[in-house]
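Below is one structure, written out as structure tokens; the observations come after it.
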There are 2 protein chains.
Amino acid sequence: MDPPIPVVDPVWSGVRDRLRARGLRWTPQRRTLIEVLAAADGHVTASELVERCRAIDPATTPSTVYRTLDVLEDLGIVRHHHGPEGREEFHVLPGSEHGHLHCRTCGRSWEVGPAEVAPMLDALRARRGFEADISHLALVGRCADCRAAGRRQ
Amino acid sequence: MDPPIPVVDPVWSGVRDRLRARGLRWTPQRRTLIEVLAAADGHVTASELVERCRAIDPATTPSTVYRTLDVLEDLGIVRHHHGPEGREEFHVLPGSEHGHLHCRTCGRSWEVGPAEVAPMLDALRARRGFEADISHLALVGRCADCRAAGRRQ
DNA sequence: TGCGCTATTGCAACCTATTGCGATAGCGTG
DNA sequence: CACGCTATCGCAATAGGTTGCAATAGCGCA
């Protein structure tokens, strides 16, 4: 048993079984990461996750976290996309698929729902047969506030 | 063919003056990078550029290349965006502004012109006031060939 | 419960990219 | 043409991220 995690959320409680069903294993390291992810909200960078895991288990190794994240992405439990600096950012599922807007000037970011990008995705699919993955989409630019304020770069 | 690079292209021949006009300098290291860029076609990663510079001048230092690329981007001579792995890729101007499509399965990439994404950009501008930078756009997904062939990941 | 297969871990080395700093060298000026 | 200001260079150190490999430890099975 694993008492330390009174996981109630069915998404998280099912992870163990989903791993096993694939012949993968449920390890203390993975348990730690799941714990961190369950508490995470919105976007987190990989290094933030490493840090939070270390807060729980100081022995946490970066490589383990990165490899586990790959596994979880395979399972569809997390999604990653590349932030404005090219760093990986993870987004915890469930939740609707969405892309991201990053303001180059102030650094804030927003989510864009499927509806807003659907026309473009449809056009790409129709004209080129290219099926784009919206959850990996990250648009960089300038937000309304920064434009109004005339702020640059 | 390309002889030893008697740069004729006005874009490249003008770089020196554009640098000077800004109080910046024309150095052998920058000349080397310009030479490499002039010969480059399409997209190149930063490390490819470092390597090619080393082929011309073995003493080339990575930091110099990276810093020079920043300067050239300021001048609007190159653009960078983040490839599927999050690595920086540079694109040489001139040429129309465009985004990129990366096939997750086969790794190939294509360019998308302004027309194809304009509707989305317009919608974002109208609804959120967000001015997205198309040249920084990179969409990841699966191309027509891979979809037709039923290839996955 | 004990055994064995093999997924996973942790370490260390490596790669890409960035930054601080003293030394060097463009280039505008006199 | 020499001088001096300062942009740029090269080095070394650092950070984020990845990978190969030997050792460890889940977990299915008898």
Side-chain angles (χ1 to χ4, degrees), chain A residues 1-2 4-5 15-36 43-54 56-75 77-78 80-90, chain B residues 15-36 43-54 56-75 77-90 107:
Chain A
M1 263 299 291
D2 17 312
I5 306 184
V15 176
R16 169 179 168 154
D17 297 327
R18 294 174 65 187
L19 283 168
R20 290 223 198 141
R22 284 205 183 189
L24 304 177
R25 293 169 188 175
W26 183 242
T27 66
Q29 294 82 350
R30 286 182 179 173
R31 211 175 60 66
T32 303
L33 181 55
I34 293 296
E35 199 173 318
V36 168
H43 320 98
V44 242
T45 64
S47 57
E48 274 170 350
L49 290 173
V50 171
E51 216 160 307
R52 294 184 195 178
C53 282
R54 258 202 240 274
I56 296 176
D57 173 8
T60 302
T61 308
S63 60
T64 298
V65 174
Y66 287 107
R67 283 188 281 222
T68 300
L69 284 169
D70 283 347
V71 171
L72 294 180
E73 186 147 21
D74 266 358
L75 291 183
I77 293 168
V78 298
H80 85 275
H81 67 101
H82 300 285
E85 311 309 330
R87 296 222 179 108
E88 280 189 320
E89 287 191 1
F90 288 83
Chain B
V15 176
R16 168 179 169 152
D17 297 326
R18 294 174 63 188
L19 283 169
R20 290 221 198 146
R22 283 205 183 191
L24 305 177
R25 294 170 187 175
W26 183 243
T27 68
Q29 293 85 349
R30 287 183 177 171
R31 214 176 60 68
T32 303
L33 180 56
I34 292 296
E35 200 172 316
V36 167
H43 320 99
V44 242
T45 63
S47 59
E48 276 171 351
L49 290 173
V50 171
E51 216 160 306
R52 294 184 195 177
C53 282
R54 259 202 240 274
I56 296 176
D57 173 10
T60 301
T61 306
S63 60
T64 300
V65 174
Y66 287 106
R67 282 189 280 223
T68 301
L69 284 169
D70 282 348
V71 171
L72 294 179
E73 186 149 19
D74 266 359
L75 291 183
I77 292 168
V78 299
R79 284 276 165 202
H80 84 276
H81 67 102
H82 300 285
E85 310 309 329
R87 297 224 175 105
E88 280 190 320
E89 287 191 1
F90 287 84

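Naming convention: chains lettered A, B, ... in sequence-line order (proteins, then strands); numbering from 1 in each chain.
- How far CZ of A/R52 is from CD of A/E35: 12.5 Å, rounded to the nearest 0.5 Å.
- If you take CZ of B/R30 and C1' of D/dA7, they are 7 Å apart, rounded to a whole angstrom.
- Remark on DNA chain C: of its neighbouring residues B/T45 and A/Q29, the 5'-side contact belongs to A/Q29, judged by nearest-heavy-atom nucleotide.
- Across the protein-nucleic acid pair, B/F90 atom CZ and C/dT16 atom P stand 14 Å apart, rounded to whole Å.
- For the atom pair CD (A/E51) and OG1 (A/T60), the distance works out to 11.5 Å, reported to the nearest 0.5 Å.
- Look at CG on B/L33: it is 13 Å from P on D/dT8, rounded to the nearest Å.
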**Message:** Protein within reach of the bases, or only the backbone? For nucleotides 20-30 of chain C, mark each nucleotide 5' to 3' as B, S or -, using heavy atoms under 4.0 Å.
**Reply:** BB---BBSS--
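- Put simply, the side chain of B/T61 never gets that close to the backbone of B/T64: no donor and acceptor are under 3.5 Å apart.
- To the nearest 0.5 Å, atoms CZ (A/R54) and OG1 (A/T32) are separated by 12.5 Å.
- Along DNA chain D, the nucleotide nearest to B/G23 and the one nearest to B/D57 differ in position, and the one closer to the 5' end is contacted by B/G23.
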**Item:** side-chain contact (heavy atoms from CB on, under 4.5 Å) assessment of A/T68 paired with A/T27
**Value:** CA-CA 10 Å; A/T68 300; A/T27 66; over 6 Å; no
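- Rounded to whole Å, atom C1' of D/dG28 lies 15 Å from atom CG of A/D17.
- Distance from the side chain of A/A46 is smallest to D/dG17 among C/dG10, D/dC9, D/dG17.
- Ring-plane geometry between A/F90 and A/H80 is classed as tilted, the angle between the planes lying from 30 to 60 degrees on a 0 to 90 degree scale.
- For A/E48 and D/dG16, the CD to C1' distance is 13 Å, given to the nearest whole Å.
- We find that CZ of B/R22 is positioned 18 Å from C1' of D/dT6, with the value rounded to whole Å.
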**Request:** Apply side-chain contact (heavy atoms from CB on, under 4.5 Å) to the pair B/R22 and B/D74, showing each step before the final yes or no.
**Result:** CA-CA 11 Å; B/R22 283 205 183 191; B/D74 266 359; 4.1 Å; yes
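- Proximity of A/Y66 to the phosphate of D/dT18: no side-chain N or O atom is located under 4.0 Å from OP1 or OP2.
- Going from atom CZ of A/R31 over to atom P of D/dC27 covers 12 Å, rounded to whole Å.
- Across the protein-nucleic acid pair, B/R54 atom CZ and C/dC15 atom C1' stand 12 Å apart, rounded to whole Å.
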